[in-house]
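Here the structure comes first, spelled out in structure tokens, and everything after it is commentary.
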Amino acid sequence: LTYPLYLPSYAATSWYYKKLSPELQKKDIKTLMKEVENYSINEYVTALMKGDRLSPEEYNAVVAKLSYYTGLSESFIRQTDLRINLPQYNKELLRKEGKTVGRLDSRFTGIDYDDTGSSTSYDPSNTGTISGPYAAGVMSYFGKELNYTNDLTYYILGGGLGRWNYSNVQNKYLNVAEYLRQAMSNNPSLKVWVLGGYYDFATPYFASEYVMKHMGLRPEQQKNVNFTYYEAGHMLYIHMPSLKQMKIDADSFYKNSLQP
């Protein structure tokens with residue numbers, strides 16, 4: 001599932017860096033995403049399901065299409081056996097320019113020590129949007145606004161708080177969406193708004209949509225779920241046009257949620 005669910009985000013990022021054909025570059029991103037989504041959940045996922053049953057002609061067709069939608073070379077895609085994982089993509093897309101693209105927000109680029117290899121040495125969108133600004137902002141707020149200081153380490157991403165514990169889901173698939181389905185069943189009036197960024201590789205928007213579309217909601221429940229996507233990354237609000245549109249969309253969502 002990883003590969004077809006990531007493909008639209010790959011295409012969006014390649015479009016952003018103008019790595020696609022002129023035919024695709026002239027399309028707006030929403031139109032392009034619909035096209036790639038359609039290919040992902042029809043032809044691409046079927047090809048992956050076939051595995052070694054793919055004929056040489058079918059295999060070559062998938063290689064050509066993945067190259068078309070990602071801007072990556074056909075030889076590279078053959079080396080991945082039609083399965084481009086995220087670290088490979090982030091390293092490969094701008095390799096010739098000596099740059100990498102971010103995970104939290106692929107609009108950010110980085111420079112590795114070594115341009116070879118199949119993964120990046122760090123996430124430039126993390127260092128560019130979280131580590132420094134977030135730490136400085138919260139420490140300033142604690143010290144100046146709350147007049148509170150101590151010598152404890154502030155963990156921006158929870159790295160010092162321990163490991164995830166999956167003991168309750170050993171030997172089975174972890175599906176936290178079931179809690180949301182239960183909540184929507186217990187409260188039929190509950191409205192859900194899913195926001196995503198086209199350039200977010202941490203929680204790809206199409207993967208989020210996949211989860212929501214596989215919760216087993218009844219038709220009347222499905223009407224209570226809305227999706228809105230922005231030309232931004234994981235932190236939608238650092239892109240000013242997206243932040244302004246989010247405010248408009250949020251006001252509309254809250255207003256509509258009050259309707260019977």
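Worth knowing before you read on, the calculation uses all heavy atoms, side chains too, and leaves out hydrogens, waters and symmetry mates.
- One finds the CG atom of Leu1 at 10.5 Å from the OH atom of Tyr3 (value rounded to the nearest 0.5 Å).
- Rounded to the nearest 0.5 Å, atoms CG (Leu66) and OG (Ser40) are 8.5 Å apart.
- Around the CG atom of Asp114, the shell of radius 6.0 Å holds more than 12 heavy atoms that belong to other residues, nucleotides or ligands.
- Side-chain heavy atoms closer than 4.5 Å link hydrophobic residues (I, L, V, M, F, W, Y) into clusters, and following such links, possibly through other members, connects Leu5 to Val194.
- Annotation: side-chain contact (heavy atoms from CB on, under 4.5 Å) contacts of Asn60 (sequence neighbours excluded): Arg78.
- Side-chain contact between Leu94 and Lys19 is present, with at least one heavy-atom pair separated by less than 4.5 Å.
- Linking ILVMFWY side-chain heavy atoms closer than 4.5 Å, directly or via other members, places Tyr39 and Tyr210 in a single hydrophobic cluster.
- Transitive grouping of hydrophobic side chains (ILVMFWY, heavy atoms separated by less than 4.5 Å) keeps Leu195 and Ile238 in distinct clusters.
- Evaluation of the salt bridge (charged side-chain N to carboxylate O under 4.0 Å, His left out) rule for Lys27 yields Glu35 as partners, not counting sequence neighbours.
- The distance from atom OG1 of Thr80 to atom CZ of Phe76, rounded to the nearest 0.5 Å, is 6.0 Å.
- Between Gln222 and Val225, the closest side-chain pair of non-hydrogen atoms is not below 4.5 Å.
- Between Leu93 and Thr70, the shortest heavy-atom distance links the atoms CD1-O, 3.8 Å.
- Sorted pairs that involve residues 105-125 and meet ring pair (Phe, Tyr, Trp, His ring centres under 6.0 Å), not counting sequence neighbours, are lacking altogether.
- Taking every heavy atom of both residues into account, Ala135 and Ile156 meet most closely at CB-CD1, 3.8 Å.
- Of all non-hydrogen atoms in Leu54 and Ala47, the two that sit nearest each other are CD1-O, 3.6 Å.
- No donor-acceptor pair under 3.5 Å is formed between the side chain of Ser67 and the backbone N or O of Ala64.
- Of the listed residues (Thr120, Asp115, Asp112), just one forms a side-chain hydrogen bond (donor to acceptor under 3.5 Å, both in side chains) with Lys91, and that residue is Asp112.
- For Phe227, the CZ atom is densely surrounded, since the number of other residues' heavy atoms within 6.0 Å is greater than 12.
- Salt-bridge annotation for Lys50 and Glu58: present, with a side-chain N of the basic residue lying under 4.0 Å from a carboxylate O of the acidic one.
- Side chain of Thr127 to main chain of Pro124: a donor-acceptor pair is present (N/O by atom type, distance under 3.5 Å, no hydrogens or angles).
- Between Thr2 and Asn85, the closest side-chain pair of non-hydrogen atoms is not below 4.5 Å.
- Both Tyr154 and Tyr141 sit in one connected hydrophobic cluster of ILVMFWY residues. Membership requires side-chain heavy atoms under 4.5 Å apart, directly or through other members.
- Applying the salt bridge (charged side-chain N to carboxylate O under 4.0 Å, His left out) rule to Glu209 yields no partners; only residues at least two apart in sequence or on another chain are considered.
- Salt bridge Arg83/Asp81: present, at least one basic N to carboxylate O contact under 4.0 Å.
- Between Asp251 and Lys247, at least one side-chain N (NZ, or NE/NH1/NH2) sits under 4.0 Å from a carboxylate O, which counts as a salt bridge.
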Open item on the list: If you apply the rule side-chain contact (heavy atoms from CB on, under 4.5 Å), what do you find for Ile41 with Phe206, and how did you get there?
Closed with: CA-CA 10 Å; Ile41 62 176; Phe206 200 44; 3.5 Å; yes
Task: Intermediate values then yes/no, side-chain contact (heavy atoms from CB on, under 4.5 Å), Val62 and Tyr44 - done: CA-CA 7 Å; Val62 177; Tyr44 187 28; 4.1 Å; yes
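- When all heavy atoms of Tyr148 and Asn150 are compared, the closest pair comes out as OH-ND2, 2.6 Å.
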- [ ] Could you please spell out the steps behind the side-chain contact (heavy atoms from CB on, under 4.5 Å) verdict for Asp249 and Trp193?
- [x] CA-CA 10 Å; Asp249 295 338; Trp193 184 27; 3.6 Å; yes
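- Between Met33 and Tyr205 there is a side-chain heavy-atom pair separated by less than 4.5 Å.
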Open item on the list: Using side-chain contact (heavy atoms from CB on, under 4.5 Å), reason through Asn224 and Leu190 one step at a time and then give a plain yes or no.
Closed with: CA-CA 7 Å; Asn224 286 342; Leu190 179 62; 6.0 Å; no
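- The 12-atom threshold is exceeded at CG of Asn168, counting heavy atoms of other residues, nucleotides or ligands nearer than 6.0 Å.
- The hydrophobic cluster around Ile111 extends to none of the other residues, as no ILVMFWY side-chain heavy atom falls under 4.5 Å of it.
- With hydrogens and angles ignored, the 3.5 Å screen pairs no side-chain donor or acceptor of Tyr230 with any backbone N or O of Pro241.
- Judged by distance alone, the side chains of Asn186 and Gln182 never bring a donor and an acceptor atom under 3.5 Å apart.
- Scanning both residues, Ser208 and Thr203, for their nearest heavy atoms gives OG-O, 4.1 Å.
- The line from CG of Asp123 to CG of Leu104 is 5.0 Å long, rounded to the nearest 0.5 Å.
- We find the CZ-OG distance between Arg218 and Ser185 to be 8.0 Å, quoted to the nearest 0.5 Å.
- Note on Tyr198 and Met235: separate hydrophobic clusters, where clusters join Ile, Leu, Val, Met, Phe, Trp and Tyr whose side-chain heavy atoms are under 4.5 Å apart, directly or indirectly.
- Atom CE of residue Met215 and atom CG of residue Leu180 lie 4.0 Å apart, to the nearest 0.5 angstrom.
- Applying the ring pair (Phe, Tyr, Trp, His ring centres under 6.0 Å) rule to pairs touching residues 8-31 yields Tyr6-Tyr10, Tyr10-Tyr89, Tyr10-Phe201, Tyr16-Tyr199, sequence neighbours excluded.
- Nearest heavy-atom pair, Ser14 versus Gln25, reported as atom, atom and distance to 0.1 Å: O-OE1, 3.7 Å.
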